[in-house]
Each structure stands twice: as C-alpha cells, then as structure tokens.
Amino acid sequence: MTKTPTSSFDGQKPGTSGLRKTVKTFMQPHYLENFVQAIFDSVPTLRGGLLIVGGDGRYYNRTAIQIILRMAAANGAARVMVGQNGILSTPAVSAIIRKYDAQGGIILSASHNPGGPDGDFGIKFNGANGGPAPESVTDAIYARTQIIDHYFTELTDDVDLSILQKTKMGGMHIEVIDSVSDYTEMMESLFDFEAISDLFTNGMSFCFDGMHAVTGPYAKAVFKKLGAPDDSVINAVPLADFGGGHPDPNPVYAKELFSKMFAEDGPDFGAASDGDGDRNIVLGRKLYVSPSDSLAILTANAHLVPAYKDGIKGVARSMPTSGAADLVAHKLDVPVFETPTGWKFFGNLLDDGRITLCGEESAGASSDHIREKDGLWAVLMWLNIVAARGQSVTEIVHNHWRTYGRNYYSRHDFEAVENDKANAVMQNVLDQLDTLPGQTFGVETVAKADSFTYHDPVDKSVSKNQGLRVIFESGSRFVFRLSGTGTVGATLRLYLEKYEPANGDLDKDLQEMLSGITKIADEISDIKNITGHNEPSTIS
Ligand code: G1P
Ligand code: ZN
C-alpha cells in the first residue's frame with residue numbers, strides 16, 4: 001500500500017447525481033483519486049466490505065476503474081465485483097448491491113451528457129440500499145475533499161476486465177461479472193414475459209434505441225428472450241463516445257427513433273434509454289408519452305403487472321414533475337409525495353415502505369425493486385400493460401386523459417448561460433415571491449409563490465432551495481430551477497404545467513396550450529433580457 005500526498009481541488013461538490021465534470025477535469029493528476037479517497041474516508045463500512053464498481057463505458061471509464069480497484073485494495077475493501085469491461089448500467093449496479101448485500105457501489109457515468117475526450121465524466125456513490133447516497137453522505141464526502149492531503153493506492157498491474165474471472169489484488173478478492181443475466185432474471189421475476197412475448201408473436205412492431213450506450217446489451221438479452229425481431233433493438237453496441245451523439249432520449253438526440261415513430265408506417269411501440277440505462281422514454285405511433293404522464297399511467301395500471309398485482313403503497317414524484325400522478329394516487333387512495341429533483345430523495349420513502357413507484361419528469365421511473373430509476377423496467381412495465389389491456393400505447397394515453405384530464409406539461413431549458421446571469425434570473429424571481437400572490441397576469445392570478453423546501457418524513461432532514469415555484473389559482477404553474485448536472489456554465493430549467501379537465505380540450509398543441517403561462521414566466525423572470533437567450537435551447 002502506498003500513501004500518496006495530494007492537495008484539495010475546488011468544486012468537488014456532488015450535484016443532483018454525483019460529481020460531474022469534463023473528462024479533462026477528471027484526467028488531472030489526483031482529481032479522481034481525491035474524490036475516491038473521500039468516499040472511502042466517509043463510508044467506513046467499505047473497509048472489510050463488498051463494493052460494486054461499474055460504469056456506462058464512456059471515455060476514461062476503463063482507466064478510472066483500474067484506479068478505483070487499486071484504491072479499494074489499499075483502503076481495505078475485502079471484495080469488489082466489477083462489470084466485464086468495466087461496464088454496468090446504473091440500475092444493474094443498484095440491483096447487484098442489493099442482491100449480494102454489498103456495502104455500496106461506485107458508478108462511473110455522466111448519464112445523458114456527451115462522452116469522448118471532449119465530453120463529460122462522472123462518479124457517484126450508492127449505499128447499501130442500492131440507492132444514491134443521501135445528502136448527509138454526499139456532504140461528508142465533499143467536506144473530506146476540501147481537507148484531503150493524501151490517498152492510498154496499490155502499485156500494481158491492471159486487472160484484465162475483458163474476461164469473466166475471479167482474481168486477487170493484494171488481500172482483496174475481485175470478481176469480474178456479467179450483470180446482464182442477473183438483470184434479465186430480475187425482470188423475468190417482475191413481469192409476465194409470456195404475455196409480452198405474445199405481443200411480438202402477434203406481430204406488434206417495436207423499436208428500442210440503445211443510443212450507442214450501456215443499455216444495448218441488456219435490451220438485446222431481454223428482447224431476445226421475449227422473441228422480439230432481432231433488428232428491433234437499434235444502436236445496441238456501447239461506444240466510448242456514444243457514436244458522437246448525446247445519449248439523451250429526447251426528440252433532439254433520439255432523432256432516429258422519433259423519425260421512425262412519426263412515419264406513416266411507423267412501429268406500434270417505441271422506446272429508448274440513456275447513457276447509463278436509468279432513463280426511459282416511450283412512444284406510441286405518432287405519440288410521445290410525456291414522462292410525467294408515463295408515471296401517472298404506470299401508477300394507474302400497475303395492478304395489471306404481476307409484481308404489483310396486490311396494489312401499490314404510494315407514489316412519489318419530484319416537485320417539478322406534473323401532478324398527473326397525484327390525480328391517480330387520490331383515486332387509488334394511496335399517499336403521494338413531492339420530493340426535490342434527484343433520485344436520492346426517493347430512497348428513504350422506498351426503504352420505509354411508503355411508496356412502490358416513483359418518477360421524474362426527466363424521463364425517470366422505477367419501483368421498489370431497486371433504488372435507482374430503471375429504463376428497461378419502465379419499458380417492460382409499458383409492454384406488460386399494453387399486453388394486459390389489449391390496447392396500444394396511443395389508446396392507453398388517450399383513455400387516461402379521458403379519465404383523469406390532461407396535465408399539459410413541458411420543460412424549457414436555457415443551456416450554457418453565464419453563471420452570474422443565471423443567478424440573476426433566479427434572484428429576480430426570488431425577490432418577487434412575497435409580492436406575487438394576489439397579482440393578476442392576463443387570465444391568471446397567482447395563488448402561491450415559494451422556494452421549495454422538502455421535509456423528509458422518514459429521517460426528518462430538511463432540503464432548502466429546491467426550485468422557485470409560482471402557482472396560479474387555476475392550478476397552472478411554472479417552476480424555475482438551476483440544473484445540478486451540467487458542466488458548462490449554468491442551465492436554467494423552466495417547467496410549465498396547465499391542467500385541462502377530462503371533458504376539456506385534450507388534443508391541443510402542447511406549446512400553444514402553455515403559451516399563456518410561458519409568457520407570464522418570461523415577464524416575471526425577465527429571463528430573455530437578463531440572459532440574452534431569446535429562445536430555450538431544448539424543449540422537452
Ligand atoms: C437532471 C434531471 C433530474 C435527474 C438528474 C439525473 O438533473 O432534471 O430529474 O434526476 O438529471 O439524471 P438537473 O440537471 O436538473 O439537476
Ligand atoms: Zn442516466
């Protein structure tokens with residue numbers, strides 16, 4: 001074991017989902033090592049324990065994994081299970097931590113951010129429950145990075161990760177694992193594979209876009225088992241630069257899938273996942289299912305799926321996610337929780353048995369089977385529901401709106417905004433929160449305006465400053481939030497929502513329906529003037 005002197009770096013504070021920086025930042029000498037040592041220093045159970053390590057296969061993944069293995073050995077981990085070629089999807093890491101009672105896992109991913117030498121990299125610690133470390137732990141890790149002056153490593157050769165094998169580094173046992181089989185087995189235990197298979201036998205056309213990212217091999221294995229035609233999984237080989245694209249399943253970056261689904265003779269069912277396999281989108285022919293609606297529809301139909309046939313305990317959504325799931329929860333008479341953005345806030349609710357399902361507007365959904373969002377799980381939920389109801393995705397969505405009404409919902413992202421300008425927009429809205437209630441803008445009157453604070457009902461922790469929301473008497477609302485995952489400048493997110501009852505206009509153009517509150521959000525925030533960005537860079 002070698003003790004290497006080092007000094008602290010600024011800005012190693014984990015954001016919404018771990019520490020994300022450019023590859024170049026991570027490649028600085030000692031940068032990754034400092035953060036990894038801070039994890040070992042902050043989570044003492046890793047000494048003598050089992051650690052799971054894997055990443056989404058992006059550029060620098062392989063080098064980073066070897067660094068982590070050497071440091072795990074030097075820091076006294078008893079065992080490490082690592083994905084073959086260093087690759088594990090985020091949901092697979094969560095499942096493996098839980099299956100093998102590990103003390104935690106390290107996931108190397110920058111999710112949907114671009115990869116390659118000029119792209120992004122990330123590292124995240126998940127605890128023994130399989131979920132992202134809560135704020136108390138990420139705060140402790142950050143505090144360590146601020147005072148660190150040495151780290152421990154082994155001076156030893158790389159481990160061959162290309163073959164499934166058991167080996168040793170110093171006193172530490174290493175097992176190179178194929179996680180695809182464990183994951184497929186878990187999916188089989190949750191869903192009615194026979195009913196889903198019948199969809200394919202009966203000719204349902206289907207397309208899953210792996211986006212050249214980590215989900216490809218998992219999707220290939222699962223859909224092969226289900227008898228889907230071989231060519232229905234596209235872009236299935238994980239590439240270090242994701243084929244030059246952003247592995248972000250939205251209309252901009254999943255263009256190939258969207259073009260197929262909106263073509264005259266397009267498939268009946270379309271889906272995609274992101275860089276590390278935790279996000280999902282689902283499309284019907286000529287219809288993109290908004291992730292907020294998706295969570296509501298999965299909640300309303302969960303009882304049709306074997307794993308949830310006895311009903312669900314409750315549901316949780318992040319605050320900016322639309323209230324569509326709340327309407328279903330009220331009807332089912334189960335509790336609904338509103339958490340800050342980021343999966344880590346669902347962990348306590350799941351562990352405490354208060355919820356079965358949870359999701360975010362950012363294409364994330366999952367259940368209590370693991371403690372991460374799970375892209376393929378969501379797709380299989382949908383397929384199982386399509387099979388059980390004997391209806392297409394499009395029919396299911398329209399039926400849902402006709403029952404519960406429609407929460408028209410969109411997110412406008414202003415990316416690469418200068419930090420001080422983004423802060424000025426937030427400050428401008430913040431300064432008006434006290435005086436907005438009662439004011440009228442066009443047809444809307446403000447009922448409530450606040451900065452969202454979350455009181456965790458389980459561990460009683462309090463998380464402040466989780467987004468600025470302006471809620472109108474009509475129930476419409478908008479929310480401003482600063483992204484915690486970007487690496488260049490700031491990203492301002494504007495979330496817009498307008499509810500239309502079941503007997504109202506359910507098939508209108510989305511942006512047109514939201515144009516009234518979009519205009520009010522612009523007027524109150526002065527976002528265009530302050531930032532100089534006249535249009536959002538991405539609309540989803
Ligand atoms: C974004 C999403 C958030 C998600 C996170 C990690 O975070 O908005 O819902 O949990 O990525 O996938 P943000 O950039 O908004 O902080
Ligand atoms: Zn992701």
Side-chain angles (χ1 to χ4, degrees), residues 13-20 54-58 88-94 107-115 120-124 126 131-132 135 138 210-211 213-215 218 238 242 246-250 253-254 272-281 291-292 294-295 316-322 338-347 358-366 370-378 409-417 422 426 452 463 465-468 479-495 537-538 540:
K13 190 174 171 57
T16 314
S17 183
L19 182 69
R20 282 203 200 156
D56 62 13
R58 65 179 59 228
L88 290 175
S89 77
T90 293
V93 172
S94 187
I107 302 176
L108 301 170
S109 170
S111 188
H112 50 287
N113 294 20
D120 291 340
F121 195 75
I123 177 169
K124 184 169 90 162
N126 281 29
E135 276 188 335
T138 54
M211 302 197 77
V214 78
T215 330
Y218 296 87
F242 308 114
H246 287 222
D248 190 356
N250 66 27
Y253 299 117
S273 192
D274 71 333
D276 59 328
D278 57 356
R279 294 187 176 202
N280 81 90
I281 53 167
S292 291
S294 180
L295 176 64
R317 63 166 172 85
S318 67
M319 181 274 283
T321 303
S322 95
E338 192 177 34
T339 57
T341 294
W343 210 261
K344 56 180 173 249
F345 294 102
F346 294 134
C358 44
E360 295 192 274
E361 51 69 38
S362 53
S366 196
I370 54 169
R371 295 293 181 271
E372 281 282 3
K373 53 194 176 216
D374 189 341
L376 270 180
W377 170 89
Y409 182 86
S410 181
R411 190 177 92 189
H412 292 191
D413 291 332
F414 295 80
E415 288 155 325
V417 175
M426 294 299 283
F452 180 60
S463 304
N465 304 321
Q466 299 297 326
L468 305 177
V479 175
F480 275 104
R481 230 191 108 247
L482 280 174
S483 155
T485 57
T487 57
V488 186
T491 295
L492 264 168
R493 302 201 196 283
L494 167 60
Y495 307 84
S537 23
T538 310
S540 52

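We count ligands from 1, going down the list as the structure has it; atoms in each ligand are counted the same way.
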**Asked** Can you tell me if Arg58 uses its side chain to pair, donor with acceptor, with the backbone of Asn113 under 3.5 Å?
**Response** yes
**Asked** Any idea which protein heavy atom is nearest atom 2 (C) of ligand 1, and the distance to it?
**Response** Ser362 OG, 3.5 Å
**Prompt:** the Zn ion (ligand 2): which protein N, O or S atoms are under 2.8 Å away?
**Reply:** Ser111 OG, Asp274 OD2, Asp276 OD1, Asp278 OD1
**Request:** Using atom types as modelled and distance alone, determine if a side-chain donor or acceptor of Asp374 lies under 3.5 Å from a backbone N or O of Ala378.
**Result:** no
**Message:** Could you identify the single nearest non-hydrogen protein atom to atom 16 (O) of ligand 1 and state the distance to 0.1 Å?
**Reply:** Thr16 OG1, 2.4 Å
**Item:** Residue-ligand contact Ser318/ligand 1, heavy atom below 4.0 Å
**Value:** no
**Item:** Thr341 and ligand 1 - part of the residue with a heavy-atom distance under 4.0 Å
**Value:** side chain
**Prompt:** Quick one: does Tyr218's side chain have a donor or acceptor within less than 3.5 Å of a partner on Ser89's backbone?
**Reply:** yes
**Item:** Sub-3.5 Å N/O-N/O distance, Ser111 and ligand 1
**Value:** no
**Request:** Could you check atom 7 (O) of ligand 1 against the protein and tell me its nearest heavy-atom contact, residue, atom and distance included?
**Result:** Thr485 CG2, 3.5 Å
**Complete:** Under 4.0 Å between heavy atoms, the region of Lys373 that gets near ligand 1 turns out to be side chain
**Asked** Which one holds for Lys344 and ligand 1: side chain close, backbone close, both close, or neither close, with close meaning a heavy atom under 4.0 Å?
**Response** neither
**Asked** If you measure from the Lys or Arg side-chain nitrogens to the Asp or Glu carboxylate oxygens, is any gap between Arg317 and Glu360 under 4.0 Å?
**Response** no
**Donor-acceptor pair, side chain of Thr16 and main chain of Gly342, under 3.5 angstrom** = no
**Request:** With atom 8 (O) of ligand 1 as the reference point, say which of Arg411, His112, Glu360, Arg279 has the nearest heavy atom.
**Result:** Arg411
